[in-house]
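Values below: all heavy atoms of this structure, side chains included; hydrogens, waters and symmetry mates excluded. First the proteins, then the strands, lettered A, B, ... as listed; each starts at 1.
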Number of protein chains: 2
Amino acid sequence: MNKPPTFVEGLLQYVEELKDESEMTEKQRNILRASVKLFAEKGFHASSTSEIAKEAGVAEGTIFRHYKSKKDILLAVVAPVLVKFAAPFILKDVREIFKEQNKKTFSQIVTELYRNRIDLVLANEKHIRILLQEAFFHDEIREALIATVFTGVKEMANKLIEAKVEVGELRPLPTQAVFRAILSSMIGLVLFRQVLDTDEFTQFSDDEQIALTVDILLNGIGNHSI
Amino acid sequence: MNKPPTFVEGLLQYVEELKDESEMTEKQRNILRASVKLFAEKGFHASSTSEIAKEAGVAEGTIFRHYKSKKDILLAVVAPVLVKFAAPFILKDVREIFKEQNKKTFSQIVTELYRNRIDLVLANEKHIRILLQEAFFHDEIREALIATVFTGVKEMANKLIEAKVEVGELRPLPTQAVFRAILSSMIGLVLFRQVLDTDEFTQFSDDEQIALTVDILLNGIGNHSI
DNA sequence: ATTAAAAGTGAGTAATCACTCGCTAATTAA
DNA sequence: TTAATTAGCGAGTGATTACTCACTTTTAAT
C-alpha cells in the first residue's frame, strides 16, 4: 500500500515553499496578523473570512488570492511555529544547551533549557495558543506537534539523562520517568505563568521560579535532613 | 455598579435546575450523548445542530424544545463535569484523602490523590476534552474551571503542605512552588497517559507510574548518595 | 512605453447556519 | 374520558458561511 505523505512530510515540503514575511505584500501580512489575532481570540472555526478581511482592512477576495482556503491560512499560521520548535536551525539553541553537557552540571543545563523554552513561548504566545487549540481536533496537527516538539527533544534528553546517570549526577531511575518529570515541571512552569498569574505566583521573578523548579526537580520536596 | 452574577454563581444556580439524567426523555439523552460525541471530536463551533440532530436520531426542532440555544447544550454538557470536580459531595473524595493527614505520610496522601484524579479523568474523558477546549475561548468557562478545580484544591493543599513542613516531612520551600510541583506532576502524569501513550510509557502500569512520580516528587531525580 | 503577470476588488453564489413555528402525537391530571 | 400539557416533528426563516469570478489597479520586465 502506497501511503500518502504524512502531514509531517507534507509540512516540511510546505515550509520550503513558505514565503518569508519579507517577501509578502503589506496586505498579505495584514491578513496573517488579523488571522492570528482572531484565531487566538475565538478559535479557527468561530472566525469567519469576512471578519478576517475586515480586521485586515482588505477585500474578502484578496484573502483567497493568497490562500486557496481558510484552512490554508491556519497552516500558514501554525507551520512556522512548528518549525521553530523543531527545525534544526532553531533547535540549535537546544542542541547547544545539550552539547557541552560534560562541562555543565545537569541543573545548569535544565535551567538554560527552561529559560529558553519560556522565552520561546512568550515570543509566540498567540501562535502557540492556536497550535494547541487545533491540536485537539486535527490529528494531523497533533501528530506533527508530537513528532517535532516531543520526539525530537526526547532523543536528546534521553541521551543526556543516561549520560548523567552514568556519571552519578542523577539517580538510576527509568529514563522515561525522568524525562516526564523534566517535561512536567516545564509545562507547569509555563502553565502557571501564563494562565494562573495569581499574586502568589507573580511575587517571584521568572528566574527565581525557574531556580525553585530546578531545585525541586533535582532534590524533591521531601525533607531528608533528618 | 451592580455587577451581574458571575458565571460561577450562575453555574451553581443552573446546576440546581439541571435535570437528572433519569428524568430526561430517551430523545433528550440521545441529544446529549450525540453532542458530547461531536463536540469532543470536532469542537463546539464545528458541530452543527443539524449534525447533532442526525447523530441523535431526532428532528432538529426537538433539540430546541429542550435547549433554548446551541450554547445551552454546551453548558448542559460541561456543567456536570465542573461540579464533579468541585461540588462538595465529590470533592469529598479529596477532602477525605486530606482529612486524616496526621495519620498518613505525605507520600501516601499524594499517591491517593493522583490515583483518584486519574480515575476521574478516565471516567470523564470526552467531557474533560470539551471542557478544556472551550476553556480556551470562553472566559466564563475558564474562570469557572480555575475557580472550582484550582482555587478549591489550592486551599486544602496549602494547609496540608504547611502542616507537613512543620512536622518536618517536607522541606521549607515556598508553598506556592511546592503546590505547583505537585500539580505539575499530576498534569504530566495524565497528559502522558492520555495523549502520549508510547511504548516506553505503557511498559509500566498506572500504579507503577504513580509510584515513580511520587518518588521523584519527594526525592528528586538528583543523586545524593555521594 | 508596452506588455504581461500579479495583487486587489466586491458583488454574487450555493450551501449551511442556528433557530422558529404551526402542527400532530404522546403523556399526564382531573 | 376529557382537557391540558409536554414531546416531537420538519418545512421554512433570514443571516452568514467559505469561496468564485469578471473586472480594475499596481508592479515589474523588456
Side-chain angles (χ1 to χ4, degrees), chain A residues 17-79 130 133-134 137-138 140-141, chain B residues 17-79 130 133-134 137-138 140-141:
Chain A
E17 299 159 12
L18 248 195
K19 282 186 184 168
D20 190 289
E21 268 216 8
S22 60
E23 57 191 73
M24 287 180 184
T25 63
E26 178 75 17
K27 305 241 167 187
Q28 190 175 358
R29 261 185 306 247
N30 284 343
I31 292 170
L32 270 191
R33 196 172 36 73
S35 300
V36 169
K37 185 184 177 222
L38 289 172
F39 290 171
E41 273 172 12
K42 346 185 344 182
F44 173 72
H45 270 107
S47 313
S48 70
T49 49
S50 71
E51 275 178 302
I52 295 174
K54 194 185 283 177
E55 173 77 33
V58 148
E60 209 171 337
T62 309
I63 292 178
F64 293 94
R65 176 85 27 197
H66 296 287
Y67 304 98
K68 68 173 192 285
S69 72
K70 191 186 157 193
K71 188 157 184 174
D72 238 47
I73 309 177
L74 178 63
L75 275 185
V77 165
V78 146
I130 297 170
Q133 280 165 21
E134 296 313 314
F137 315 121
H138 307 285
E140 333 151 303
I141 293 184
Chain B
E17 299 160 11
L18 250 193
K19 281 186 186 169
D20 190 289
E21 269 216 8
S22 60
E23 56 191 76
M24 289 179 185
T25 62
E26 180 74 18
K27 305 243 166 187
Q28 189 175 0
R29 256 178 311 218
N30 283 343
I31 292 171
L32 269 191
R33 197 170 36 72
S35 300
V36 169
K37 186 184 177 222
L38 290 172
F39 290 171
E41 274 172 13
K42 345 187 341 183
F44 174 72
H45 270 107
S47 312
S48 69
T49 48
S50 71
E51 276 179 302
I52 294 173
K54 194 186 282 177
E55 173 74 34
V58 148
E60 209 172 336
T62 308
I63 292 178
F64 293 94
R65 175 94 6 192
H66 295 288
Y67 305 98
K68 68 175 191 285
S69 73
K70 192 186 158 194
K71 188 155 186 175
D72 238 47
I73 309 176
L74 178 63
L75 276 184
V77 165
V78 144
I130 298 170
Q133 280 165 20
E134 297 314 315
F137 314 120
H138 307 285
E140 334 150 304
I141 294 184

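- No more than 12 heavy atoms of other residues, nucleotides or ligands lie within 6.0 Å of NZ in Lys37(A), so this atom counts as exposed by the packing criterion.
- Between His66(A) and dG8(C), a side-chain N or O to OP1/OP2 separation shorter than 4.0 Å is present.
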Dump every N/O contact between nucleotides 9-13 of chain C and the protein below 3.5 Å, one line per pair.
from: dT9(C); atom 1: OP1; to: Lys27(A); atom 2: NZ; distance (Å): 3.0
from: dT9(C); atom 1: OP2; to: Ala59(A); atom 2: N; distance (Å): 3.1
from: dT9(C); atom 1: OP2; to: Thr62(A); atom 2: OG1; distance (Å): 2.7
from: dT9(C); atom 1: O4; to: Arg65(A); atom 2: NH2; distance (Å): 3.3

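- Going from atom CD1 of Ile73(A) over to atom P of dA18(D) covers 9 Å, rounded to whole Å.
- Distance Lys42(A) NZ to dT17(D) P: 8 Å, rounded to the nearest Å.
- Evaluated for a side-chain contact (heavy atoms from CB on, under 4.5 Å) with Tyr67(A), the options Thr49(A), Leu74(A), Asp72(A) yield exactly one hit, Asp72(A).
- The aromatic rings of His45(A) and His138(A) lie parallel to each other, their planes meeting at an angle below 30°, with 60° marking the opposite boundary.
- Salt bridge status for Lys54(B) with Glu51(B): absent, with no side-chain N to carboxylate O gap under 4.0 Å.
- One atom, NZ of Lys70(B), and another, P of dT20(C), lie 15 Å apart when rounded to the nearest Å.
- Considering only side-chain N and O atoms, Ser48(A) lies nowhere under 4.0 angstrom from the phosphate OP1 or OP2 of dT16(D).
- Two end axes, each from the C1' atoms of five base pairs, can be drawn for the helix from dA1(C)-dT30(D) to dA30(C)-dT1(D); they diverge by 20°, to 10 degrees.
- To the nearest 0.5 Å, atoms CD1 (Ile73(B)) and NZ (Lys68(B)) are separated by 12.0 Å.
- A side-chain hydrogen bond (donor to acceptor under 3.5 Å, both in side chains) with Asn30(A) is found for one member of Gln28(A), Lys27(A), Arg33(A) and no other, namely Arg33(A).
- Close to dA18(C), at under 4.0 Å from its OP1 or OP2, lies no side-chain N or O of Ser69(B).
- For Gln28(B) and dT6(D), the CD to P distance is 14 Å, given to the nearest whole Å.
- The interatomic distance linking Leu38(A) (CG) with dT17(D) (P) rounds to 12 Å, in whole Å.
- Comparing Glu26(B) and Lys68(A) by the nucleotide of DNA chain D that holds the closest heavy atom to each, the one mapping nearer the 5' end is Glu26(B).
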Show your working on side-chain contact (heavy atoms from CB on, under 4.5 Å) between Gln133(B) and Phe39(B) and close with a plain yes or no. CA-CA 9 Å; Gln133(B) 280 165 20; Phe39(B) 290 171; 5.6 Å; no

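- Atom NZ of Lys54(A) is separated from atom C1' of dA18(D) by 16 Å (rounded to the nearest Å).
- Within the 4.0 Å cut-off from OP1 or OP2 of dA7(D), not a single side-chain nitrogen or oxygen of Thr25(B) is found.
- Between Ser50(A) and dT17(D) there is a side-chain polar atom (N or O) within less than 4.0 angstrom of OP1 or OP2.
- For Lys70(A), the NZ atom counts as densely surrounded, since its 6.0 Å shell holds more than 12 non-hydrogen atoms of other residues, nucleotides or ligands.
- As rounded to whole Å, 10 Å separates atom P of dG8(D) from atom CZ of Arg29(B).
- Here Ile130(B) contributes atom CD1 and Leu38(B) contributes atom CG; the two are 9.0 Å apart, rounded to the nearest 0.5 Å.
- At whole-Å resolution of the value, CZ in Phe64(B) and P in dT6(D) are 20 Å apart.
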